[in-house]
Amino acid sequence: MVRTTFVGGKLSLKGEKTKKSKKSKKSARKKSKHNLDSTKKDAVSKVESIADDNLTETERKSLTRKQERERIDLEKLAGQSHRERVEDFNEKLGRLTELNDIPRISAAGNG
């Protein structure tokens, strides 16, 4: 029987990806600022594109109302912290009826 010795090191596999260099934090910050600016510009361009499209008057009004509702919802979410949202959710659950709760099952009642 032939004895082989283990040679240390990483197991190399076919098709293994090479390591990519890590990006600096500065470039990530610049990109995130650029993305924020572009999203603001996109929102403005969406409003302008609504006016430019071949939409009926009611379609334009409904789209603007939809955007306004989304903006209000986002402002409402931004105004609350996570803790406040959880408390509101728990209060809402507390107000619901308990018809859908699973009743407690005990061995004594099964006969």
Fill in the blank from the handout: For Glu75 and Arg71, the nearest pair of non-hydrogen atoms, with its separation, is OE2-NH1, 2.5 Å
Fill in the blank from the handout: d(Thr58 OG1, Leu63 CG) to nearest 0.5 Å is 9.5 Å
Handout entry: Set of residues satisfying side chain to side chain donor-acceptor pair (under 3.5 Å) with respect to Ser81, sequence neighbours excluded
Key = none
Completion exercise
Distance col, row Leu55:CG vs Lys61:NZ, nearest 0.5 angstrom, shows 13.5 Å
Completion exercise
Heavy-atom closest pair (Asp88 atom, Gln80 atom, distance to 0.1 Å) is OD2-NE2, 2.7 Å
Handout entry: Glu57 atom CD, over 12 foreign heavy atoms within 6.0 Å
Key = no
Handout entry: Inter-residue atom distance Asp73.CG - Glu68.CD, 0.5 Å rounding
Key = 10.0 Å
Handout entry: Spacing of CG belonging to Leu77 relative to NE2 belonging to His82, to within rounding of 0.5 Å
Key = 11.5 Å
